[in-house]
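Since the structure is predicted, the reported quantities are computational estimates derived from the model, not experimental observations. In what follows, chains carry the letters A, B, and so on, assigned in the order in which the sequence lines appear, proteins first and then strands, with residues in each chain numbered from 1.
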Protein chains: 2
Amino acid sequence: MATLKDIGTELGLSTATVSRALNGFPEVNAKTRDKVRKTADKLGYRPNRSAQRLVTGRSGMVGMIVKIRPDLSADQTFVEILTGLTAALAKRDTDLVLAVDQDPDPVAAYKRMLERDMLDGFILNAPVPQDPRVDFLTQAGVPFVMHGQCRNDAAYPFYSIDNQGVSAEAVGMLTALGHKRIALLNGDPGHAYAADRLAGFAAAMRSADLRVPVAFMAGAAPSESFGYAQALAMLAGQHGTPPTAFVCASTLIAAGVMQAVEDRGLRVPDDVSVIAHDDALPQTRAINFSPALTVTRAPLRDACAPLANHLIDHINGTPARALQTLLRAELIRRGSTGPVPSGGEMPWPST
Amino acid sequence: MATLKDIGTELGLSTATVSRALNGFPEVNAKTRDKVRKTADKLGYRPNRSAQRLVTGRSGMVGMIVKIRPDLSADQTFVEILTGLTAALAKRDTDLVLAVDQDPDPVAAYKRMLERDMLDGFILNAPVPQDPRVDFLTQAGVPFVMHGQCRNDAAYPFYSIDNQGVSAEAVGMLTALGHKRIALLNGDPGHAYAADRLAGFAAAMRSADLRVPVAFMAGAAPSESFGYAQALAMLAGQHGTPPTAFVCASTLIAAGVMQAVEDRGLRVPDDVSVIAHDDALPQTRAINFSPALTVTRAPLRDACAPLANHLIDHINGTPARALQTLLRAELIRRGSTGPVPSGGEMPWPST
DNA sequence: GGAAATTTTCAAAACGTTTTAAATTTGGCA
DNA sequence: TGCCAAATTTAAAACGTTTTGAAAATTTCC
């Protein structure tokens, strides 16, 4: 492998000049730079990463640790995210070192990885409301970026959609259509995103002067069967007068809900309105629903590049506060929402 | 961060001795080693990977590039494999650098990664019968290990199950039970494993003096719906007299087959025998089938540690020929296979 | 007690890059 | 021509480890 020295001796230059020429420093003569570049090409020069890292103190690697979860849907998004992340990181000359974790202690894997390796930072996903990793890494002085947002005090870079806003948007649209009995079929509120959806939902309902029966707020793994079972129970009146609208944490849940509506002999949107949040994964396309699904939309893959860039900017010194993105989801009206049916105006007593 | 020098000055020793003490060289005094170890602990010493790599010429990283595939089942195994691999590699102080690839050129991603990085080797998965990556990496002198086995000439380390043997075992068992009309529901023969299953199946049938109608050998993505559709068609006699036994490339296919058998009002194993190859993934457990599924079993997770070790041994100089493992799958008889039904002895004309 | 053999330690070089501080060359201007 | 400033280049140090060849310390043996 050709080194800086090889190029230097070939041209009668010092390694210092060669290094500067290749790294685009301004103080090197244009002709020299040209010559250096040509010879570098000719010799097939590739900088030795280890040497660069030794002197810069950077490893050019960031870590990501994924918890294995029995639930299938996680895998779907995982591969999707992985694709985008590695591509975005590669553009900034950074590699992704991956580990899979089974330890019950949420920070153990991070400790191990920091010991074993020289990592410039971490990408964190699937935050819980008070995420212990945030405190640990902050205290250890290790840069990281969070995909999502948690409720810790520390200031850290993140990229998240406005999950409270997602619920507010959905509720706002439904109340404008006259709906008053609205159900939330949420993800597991142990996850930060679901906790925020719940908070946003409750706040929006309150400010619309509506009360939410607890039985209309269900949360679990956002699966189709969960949506089906919950919707069926609610429509059967098992939790009081049935809702006229469902706000779903995922399109998968919405699929279950629509099946339940059909099985009860009802129709969407005439009898029941359905709105969901859409991560725009390739598997369940909201537009292929029948009727097409009204959604708040925020493609997951859009998060990859910002995440990578936030992290690397932070590593390079940009303060955390300047790297906090809260993205508003886009509301897309399609066929699954409509005016409240005539029997539906009957309000609940407001709070 | 404490360095070798810090430990050295603290104890009045040279960095050379400290290095040797920590790396377990025999020529260092036991007491010295103890002292060194203690101070290393006290100062929280961690070797600087970049420095180690610079001098050893090793990066301590191996790469793995995964092709994204639309098909879901791949993701399942992917996470499983990833878990095992990172764990096994960590034991040998090695990291996994992961990239996801979309390039139609099968070696482009490898070229890119070799340019960008200093990698000690690669883990290859999902081989095709004549795999272009093998030739490319062999010629480039980059060590690798193959999960699976392809038909290239080059000698390379691999860890694979004996896929021809898998089919032979299944056919052998079924013919012993009197079956003569046996169908193979295979994976996509564009993949090496499926090509081998097919070859093994054909050879075993021939040596049992049986003929296989081409229509009894179907291959595609090993999904449940594929198994269902194919089995239904065959049982309906669409491809000639129905088979009395199915050899399935996966338990997922077998699930589809058993559904098809039931839907035709037949019973397993009285009317139809079913045997599958079982990767022992957590999702579809062969023992939970009804009746429990007879399988050739070779847990995928068992491949992870051997793969990691083969690769690292090869990097350390062990010749490829000594690192070629072909694992025999275990035959487990359960309830889904039985003697051929009375109408089933009618033989086809043998070849 | 001393030479020889053995064990243990050390100083220095090497890996390939970046960066600092100093040296050299170039160009402008009087 | 000579001087000063600017532009360009260089030598050398630094990063933290491993490894080589030699030196020092210790043990063994007669």
Side-chain angles (χ1 to χ4, degrees), chain A residues 1-37 39-40 43-61 93-94 114-120 315-317, chain B residues 1-37 39-40 43-61 93-94 114-120 315-317:
Chain A
M1 213 32 169
T3 70
L4 284 187
K5 203 170 172 181
D6 295 337
I7 303 179
T9 48
E10 175 108 359
L11 288 155
L13 289 171
S14 70
T15 62
T17 306
V18 176
S19 168
R20 280 195 268 256
L22 291 174
N23 289 335
F25 280 56
E27 69 264 38
V28 43
N29 188 307
K31 282 180 199 161
T32 314
R33 188 191 304 281
D34 267 8
K35 282 194 298 183
V36 169
R37 286 218 177 111
T39 347
L43 300 182
Y45 170 77
R46 296 276 149 215
N48 180 315
R49 280 289 215 276
S50 297
Q52 284 182 324
R53 286 164 191 181
L54 178 59
V55 65
T56 59
R58 291 275 183 71
S59 71
M61 306 189 298
D93 252 351
T94 303
L114 282 172
E115 285 192 357
R116 279 181 29 69
D117 272 308
M118 198 186 187
L119 291 179
D120 296 341
I315 290 169
N316 288 339
Chain B
M1 214 29 170
T3 70
L4 283 187
K5 203 169 169 182
D6 295 337
I7 303 178
T9 48
E10 175 107 0
L11 288 155
L13 289 173
S14 71
T15 63
T17 307
V18 177
S19 169
R20 280 197 265 256
L22 292 174
N23 289 334
F25 279 57
E27 67 263 39
V28 44
N29 189 307
K31 282 180 198 160
T32 315
R33 188 192 304 280
D34 267 8
K35 281 193 299 184
V36 169
R37 286 221 177 108
T39 15
L43 300 181
Y45 170 77
R46 297 276 148 217
N48 180 316
R49 280 288 214 275
S50 296
Q52 283 183 323
R53 287 164 190 181
L54 179 59
V55 66
T56 58
R58 292 275 184 73
S59 70
M61 306 188 299
D93 251 352
T94 302
L114 283 172
E115 285 193 357
R116 279 180 31 67
D117 272 308
M118 199 185 185
L119 291 179
D120 296 341
I315 290 169
N316 289 339

Asker: What heavy-atom pair brings A:Lys5 and A:Thr15 nearest, and what distance separates the two atoms?
Answerer: CA-CG2, 3.8 Å
Asker: Output a table of nitrogen or oxygen pairs between the protein and nucleotides 21-24 of chain D separated by less than 3.5 Å.
Answerer:
none

Asker: Want to settle it: does A:Ser19 or B:Thr15 sit nearer the 5' end of DNA chain C, counting the closest nucleotide to each?
Answerer: B:Thr15
Asker: Do A:Thr39 and A:Tyr45 come close enough that some side-chain heavy atom pair is under 4.5 Å?
Answerer: no
Asker: Please round to the nearest 0.5 Å and tell me the distance separating atom OG1 of A:Thr94 and atom CE of A:Met61.
Answerer: 10.5 Å
Asker: Kindly list each side-chain donor-acceptor pair under 3.5 angstrom involving residues 49-57 of chain B, sequence neighbours excluded, with atom names and distances?
Answerer:
from, atom 1, to, atom 2, distance (Å)
B:Arg49, NH1, A:Arg116, O, 3.3
B:Arg49, NH2, A:Arg116, O, 3.0
B:Arg53, NE, B:Ser59, O, 2.5
B:Arg53, NH1, B:Ser59, O, 3.2
B:Arg53, NH2, B:Ser59, O, 3.1
B:Thr56, OG1, B:Gln52, O, 2.8
B:Thr56, OG1, B:Arg58, N, 3.3

Asker: Calculate the interatomic distance between A:Lys31 atom NZ and D:dA7 atom P; express it in whole Å.
Answerer: 16 Å
Asker: Does OP1 or OP2 of C:dT18 have a side-chain N or O of A:Asn23 closer than 4.0 Å?
Answerer: yes
Asker: Establish, with yes or no, whether the OP1 or OP2 oxygen of C:dT8 is under 4.0 angstrom from a side-chain nitrogen or oxygen of B:Thr17.
Answerer: no
Asker: Could you state the CD-P distance from A:Glu27 to D:dT9, rounded to the nearest angstrom?
Answerer: 9 Å
Asker: Report the distance from atom OG1 of B:Thr3 to atom CG of B:Asn48, rounding to the nearest 0.5 Å.
Answerer: 9.5 Å
Asker: Taking CE from B:Met118 and P from C:dT17, how many angstroms apart are they, rounded to a whole number?
Answerer: 10 Å
Asker: What integer distance in Å separates B:Arg53:CZ from D:dT18:P?
Answerer: 12 Å
Asker: Expected output is a numbered-order residue list: members of residues 6-14 of chain B with a heavy atom under 4.0 Å from any atom of DNA chain D. What is it?
Answerer: none
Asker: Mind grabbing the angle between the end helix axes of the helix from C:dG1-D:dC30 to C:dA30-D:dT1? Five pairs an end, 10° rounding.
Answerer: 50°
Asker: CG/A:Leu11 to CG/A:Asp6 distance, rounded to the nearest 0.5 angstrom?
Answerer: 11.0 Å
Asker: Looking at CG of B:Leu13 and CG of B:Leu4, how far apart are the two atoms once the value is rounded to the nearest 0.5 Å?
Answerer: 11.5 Å
Asker: Could you check how far CG of B:Asn29 sits from P of C:dT6, rounded to whole Å?
Answerer: 18 Å
Asker: How long is the line joining CG of A:Leu22 and C1' of C:dT18, in whole Å?
Answerer: 12 Å
Asker: Between the protein and nucleotides 14-16 of chain C, list every N/O to N/O distance that falls short of 3.5 Å.
Answerer:
none

Asker: So, taking the atom named NZ in A:Lys35 and the one named NZ in A:Lys31, what distance separates them when rounded to the nearest 0.5 Å?
Answerer: 9.0 Å
Asker: Report the distance from atom CZ of A:Arg33 to atom P of D:dT8, rounded to the nearest whole Å.
Answerer: 10 Å
Asker: Return a table of donor-acceptor pairs under 3.5 angstrom between the side chains of residues 16-27 of chain A and protein atoms on other chains or two or more places apart.
Answerer:
from, atom 1, to, atom 2, distance (Å)
A:Thr17, OG1, A:Ser14, OG, 3.2
A:Asn23, ND2, A:Ser19, O, 3.3

